[in-house]
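None of these values were measured; they are calculated from a predicted model.
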Amino acid sequence: MPKKDSFLINRLKSVTYAFNGAFILVSTEASIKVQFCIGIIMTVAGFCFEISTTEWLIQIGTIGLIMALEGINTAIEEIANFIHPEYHKKIGLIKDIAAGAVFIFAITAIIIGCIIYIPKIF
């Protein structure tokens, strides 16, 4: 029986795997690249418009959540493609629903951005 790694070693391995997954997402997925660029633009805007601490918390949470949802959507698409590489009506429905969830939050993110920035612009 192989020796088990310590709790700390297992956590470090987990962080390494997570970092690797995040790097793969940001470097290969177009949707994540777009969200990442929008996140950078919004961060710069936050400094330019001197948003409050509460607004920063909301903005950072929104950026993080939209990128996480994009990652989950990508994972669902990859699993669906692995299970059924050819077109299948149910697989298409599953992928559309996952993309729809990202779309719903993207609209929410736009509304949040408008609530934060429109009063500062006008």
Review point. Are Gln59 and Thr62 close enough, and set up right, to give a side chain to side chain contact (heavy atoms under 4.5 Å, CB included), and what steps lead you there?
Key: CA-CA 5 Å; Gln59 179 169 295; Thr62 301; 5.7 Å; no
The residue among Ile112, Ile51, Ile115, Ile63 that forms side-chain contact (heavy atoms from CB on, under 4.5 Å) with Ile58 is Ile112
Pairs meeting criterion salt bridge (Lys or Arg N to Asp or Glu O under 4.0 Å) with involvement of [range], two or more places apart:
range: residues 7-22; value: Asp5-Lys13
range: residues 24-49; value: none
range: residues 45-68; value: Glu55-Lys120

Are [X] and [Y] connected, step by step, through hydrophobic side chains (Ile, Leu, Val, Met, Phe, Trp, Tyr) whose heavy atoms are closer than 4.5 Å?
X: Val34; Y: Met42; answer: yes
X: Trp56; Y: Ile111; answer: no
X: Ile38; Y: Ile110; answer: no
X: Ile66; Y: Ile104; answer: no
X: Ile40; Y: Leu69; answer: yes

Restricting to side chain to side chain contact (heavy atoms under 4.5 Å, CB included), what partner residues turn up for [X], sequence neighbours left out?
X: Ile24; answer: Asn20, Thr28
X: Ile121; answer: Phe49, Tyr117
X: Ile76; answer: Ile72, Ile94, Ala98
X: Ile41; answer: none

Which pair of non-hydrogen atoms, one from Cys114 and one from Pro119, has the smallest distance, and what is that distance?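 In this case the closest contact between Cys114 and Pro119 is O-CD, 3.7 Å.
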Problem - Heavy-atom closest contact (Gly71 atom, Ile32 atom, distance) - result: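 Gly71 and Ile32 have their closest heavy atoms at N-CD1, 3.8 Å.
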Of all pairs that satisfy side-chain hydrogen bond (donor to acceptor under 3.5 Å, both in side chains), the ones with a partner from residues 95-112, not counting sequence neighbours: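 Applying side-chain hydrogen bond (donor to acceptor under 3.5 Å, both in side chains) to every pair that reaches into residues 95-112, excluding sequence neighbours, yields Asn81-Lys95.
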- request: Quick one: which residue pairs count as a side-chain hydrogen bond (donor to acceptor under 3.5 Å, both in side chains) with a foot in residues 40-49, not counting sequence neighbours?
  value: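 Not a single pair qualifies under side-chain hydrogen bond (donor to acceptor under 3.5 Å, both in side chains).
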Note to self: Distance check, rounded to the nearest 0.5 Å: Gln35 atom CD versus Leu65 atom CG?
What the structure shows: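 One finds 10.5 Å between CD of Gln35 and CG of Leu65.
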All pairs passing ring pair (Phe, Tyr, Trp, His ring centres under 6.0 Å) where residues 17-38 contributes a residue, at least two apart =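 Every pair satisfying ring pair (Phe, Tyr, Trp, His ring centres under 6.0 Å) with a residue in residues 17-38: there are none.
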Residues 73-94 vs ring pair (Phe, Tyr, Trp, His ring centres under 6.0 Å), sequence neighbours excluded, gives His84-His88
Residues at least two apart in sequence or cross-chain that pass side chain to side chain donor-acceptor pair (under 3.5 Å) with Ser31, listed by chain then number, are Glu70
